[in-house]
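Quick note: residue numbers are just sequence positions, from 1.
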Amino acid sequence: MRAWQVERRKRTRHLIELGGLVVKAGIVDLTADDRAMIYGALLWIAAKLQSHEGEHARDLWAAKGKQAFDAERHDDQNSQGT
């Protein structure tokens with residue numbers, strides 16, 4: 001496989017994973033799959049991260065995401081054990 005193909009596959013996988021996070025967070029359902037609304041929300045997040053509140057938002061959102069991943073992992077482990 002050529003180097004550009006490997007890089008393209010890596011990029012595609014990365015984009016699919018990011019899209020999966022949008023779905024996992026419930027954003028698609030909450031916006032009725034309105035792409036303009038989703039894009040607008042992402043632009044708002046980017047602006048927030050670039051503002052004077054960016055560091056606080058980063059810390060808050062990272063903690064919330066870690067908590068959600070940990071809860072999901074815990075739920076998966078419990079469902080596999082039963």
Side-chain angles (χ1 to χ4, degrees):
M1 188 173 297
R2 294 194 166 111
W4 67 268
Q5 289 173 311
V6 171
E7 288 305 312
R8 183 175 177 189
R9 285 188 180 193
K10 275 193 222 177
R11 181 178 183 277
T12 299
R13 179 178 176 89
H14 183 72
L15 293 173
I16 290 168
E17 289 171 351
L18 291 173
L21 291 174
V22 172
V23 172
K24 185 180 281 207
I27 302 300
V28 174
D29 291 337
L30 292 169
T31 63
D33 201 10
D34 183 329
R35 309 289 169 92
M37 189 184 311
I38 294 169
Y39 187 41
L42 293 170
L43 291 172
W44 179 82
I45 291 169
K48 186 77 156 177
L49 291 171
Q50 293 171 350
S51 76
H52 69 281
E53 299 173 320
E55 188 174 343
H56 176 68
R58 228 178 238 95
D59 293 343
L60 181 70
W61 296 339
K64 182 85 170 164
K66 183 180 181 320
Q67 181 182 30
F69 278 135
D70 289 346
E72 183 179 300
R73 194 173 306 115
H74 183 263
D75 290 347
D76 287 348
Q77 288 172 351
N78 284 344
S79 67
Q80 291 174 1
T82 56

A.B. asks: Applying salt bridge (charged side-chain N to carboxylate O under 4.0 Å, His left out), can you list everything that pairs with E55, at least two apart in sequence or on another chain?
C.D. replies: none
A.B. asks: Side chains of Q77 and R73: closer than 4.5 Å at any heavy-atom pair?
C.D. replies: yes
A.B. asks: Return each pair, listed once, that meets salt bridge (Lys or Arg N to Asp or Glu O under 4.0 Å) where at least one residue sits in residues 37-48; pairs must be two or more places apart or across chains.
C.D. replies: K48-E53
A.B. asks: If a pair satisfies side-chain hydrogen bond (donor to acceptor under 3.5 Å, both in side chains) and one of its residues is in residues 58-69, list it, with sequence neighbours excluded.
C.D. replies: K66-D70
A.B. asks: Give, for atom CD1 of I27 and atom CD1 of I38, the distance between the pair rounded to the nearest 0.5 Å.
C.D. replies: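 These two atoms lie 7.5 Å from each other.
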A.B. asks: Any salt bridge (Lys or Arg N to Asp or Glu O under 4.0 Å) involving residues 11-22? Give me the pairs, sequence neighbours left out, ordered by first then second residue.
C.D. replies: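 Passing the test, one end in residues 11-22: R13-E17.
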A.B. asks: Sequence neighbours left out, cut at 3.5 Å: what donor-acceptor pairs do the side chains of residues 39-47 make with other protein atoms?
C.D. replies:
none

A.B. asks: Does R35 have any side chain to side chain contact (heavy atoms under 4.5 Å, CB included) partners at least two apart in sequence or in another chain, and if so, which?
C.D. replies: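 Applying side chain to side chain contact (heavy atoms under 4.5 Å, CB included) to R35 gives D33.
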